[in-house]
Amino acid sequence: VKIVHKASEFRDHLWGVQKQGFAVGFVPTMGALHEGHLSLIRRSKAENAVTVVSVFVNPTQFGPNEDFDRYPRDLERDAKLALSEKADFLYAPESPEIYRSGFSTYIEETALSRVLCGAHRPGHFRGVLTVVFRLFNLVRPDRAYFGRKDAQQLRLIEKMAEDLGLDVEIAACPTVRDPDGLAMSSRNAYLVEEERAVAPRIYGALRAAEAAFDAGERRSDRLVDLARAVLAACPSFSVQYLELRTWRDLAEADVVSERSVLAVAGVLGKTRLIDNVILDPTR
Ligand code: PAF
C-alpha cells in the first residue's frame with residue numbers, strides 16, 4: 001500500500017488503469033479501520049484492478065457537541081491493516097485538499113435526509129454527501145463501497161448518485177458483526193466494559209422483530225413493538241429512534257409490503273450507536 005496525501009499523486013496512475021479498460025474501486029473511510037472496513041476492501045479488491053482506501057475524519061459531518069476531536073485517529077495502524085488486505089493506495093488528504101479556503105458549496109438532500117439520524121444530527125448528511133461527492137471527484141472511481149450498517153447514509157449516497165447522475169456504481173456491503181451480534185463500528189472503542197456487555201441487545205431487539213417478520217408478521221407497529229420490548233430490558237440504552245421505513249423513500253408504512261429497514265439509534269453511556277435490519281417481503 002502506498003500512503004498518499006494528494007490525489008495528484010495517484011490520479012495519473014488511476015487514469016492509466018481506466019484507459020486500459022480496468023476498474024478502480026474506492027473505499028471511503030474515516031479511519032480506525034475494523035473488520036467491517038476490511039470486508040469492503042476485500043470486495044473492492046475482488047471486483048476491481050485497483051483499490052483506493054481513503055482516511056479522512058470529515059469535520060463537516062460532526063455536530064458542535066459531537067466527537068470530532070476524540071474520534072480515533074491512527075494512520076499507521078490503518079496503513080498496516082490496508083496493507084494486510086493489499087489495498088493499492090491509502091489516501092489520507094489534508095483538510096485543504098477537500099475544503100479549499102473559502103469553500104462554501106454543499107450537497108444537501110432535502111427529503112430522505114430529514115428523518116431517522118438526519119432528524120437527530122442536523123447537518124450530518126449534508127457533510128457526508130459533500131465529502132463523498134468531493135472524494136468521488138478526486139478519486140474518480142468506477143465503484144464505491146459502503147457498509148449497510150449506516151443504512152441511511154448508504155441510501156442517501158445512492159440517491160445522490162441517482163439524482164445527480166454520478167458515473168459511479170454504489171456497492172452496498174453487509175454489516176459485519178462481532179460474534180455476539182454487535183455491529184462493528186469505530187465508536188465501539190468508546191464503550192466501557194459494562195456498556196460493551198449490554199450493547200449486543202440492540203441487535204437482539206432487531207432480531208426479535210426480524211424473526212417475527214420471517215414468521216409472517218407484516219404490521220409495522222407490531223414489529224416495532226417487539227423490538228421495543230427487548231430494548232426496554234436494557235434501560236442504559238437510551239433510544240433516539242426505532243422506526244420501520246421503506247428502503248426506497250425512507251417513508252413510514254403501516255404494513256411492510258416492500259423492501260424496508262428497521263433502524264435503531266440510541267446512546268449507551270456517552271456513545272451513540274446505530275444498527276438496522278432489512279425486512280424484504282419480496283425475498
Ligand atoms: O461512513 C463513514 O465512515 C463516513 O461517513 C464517510 C462515508 C467516509 C464520509 O466521511
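Start at 1 and go down the list; that is how both ligands and their atoms are numbered. Just so it is clear, the model here is predicted, and its values are computed rather than measured.
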Under 3.5 Å donor-acceptor pairs involving side-chain atoms of residues 11-22, not counting sequence neighbours:
from, atom 1, to, atom 2, distance (Å)
Arg11, NH1, Val139, O, 2.6
Gln18, NE2, Arg140, O, 2.8
Gln18, NE2, Asp142, OD2, 3.0

Side-chain polar contacts of residues 251-260 - donor-acceptor pairs under 3.5 angstrom, sequence neighbours left out - could you list them?
from, atom 1, to, atom 2, distance (Å)
Arg259, NH1, Asp280, OD2, 3.3
Ser260, OG, Glu258, O, 2.8

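Using bins of under 30°, 30° to 60° and over 60° for the plane-to-plane angle, the ring pair Phe10/Phe89 lands in the tilted bin. Ring pair Tyr241/His120 is tilted by interplanar angle, where 30° to 60° counts as tilted.
Where the criterion is an N or O separation shorter than 3.5 Å, residue side chain and backbone included, Thr29 fails it with respect to ligand 1.
For ligand 1, the atoms lying closer than 4.0 Å to a non-hydrogen atom of Val131 are 9 (C), 10 (O). Numbered from 1 in the order shown, with element, the atoms of ligand 1 that lie under 4.0 Å from a heavy atom of Gln153 read 1 (O), 2 (C), 4 (C), 5 (O), 7 (C). Residue Gln61 approaches ligand 1 through these ligand atoms, each under 4.0 Å from one of its heavy atoms: 4 (C), 5 (O), 9 (C), 10 (O).
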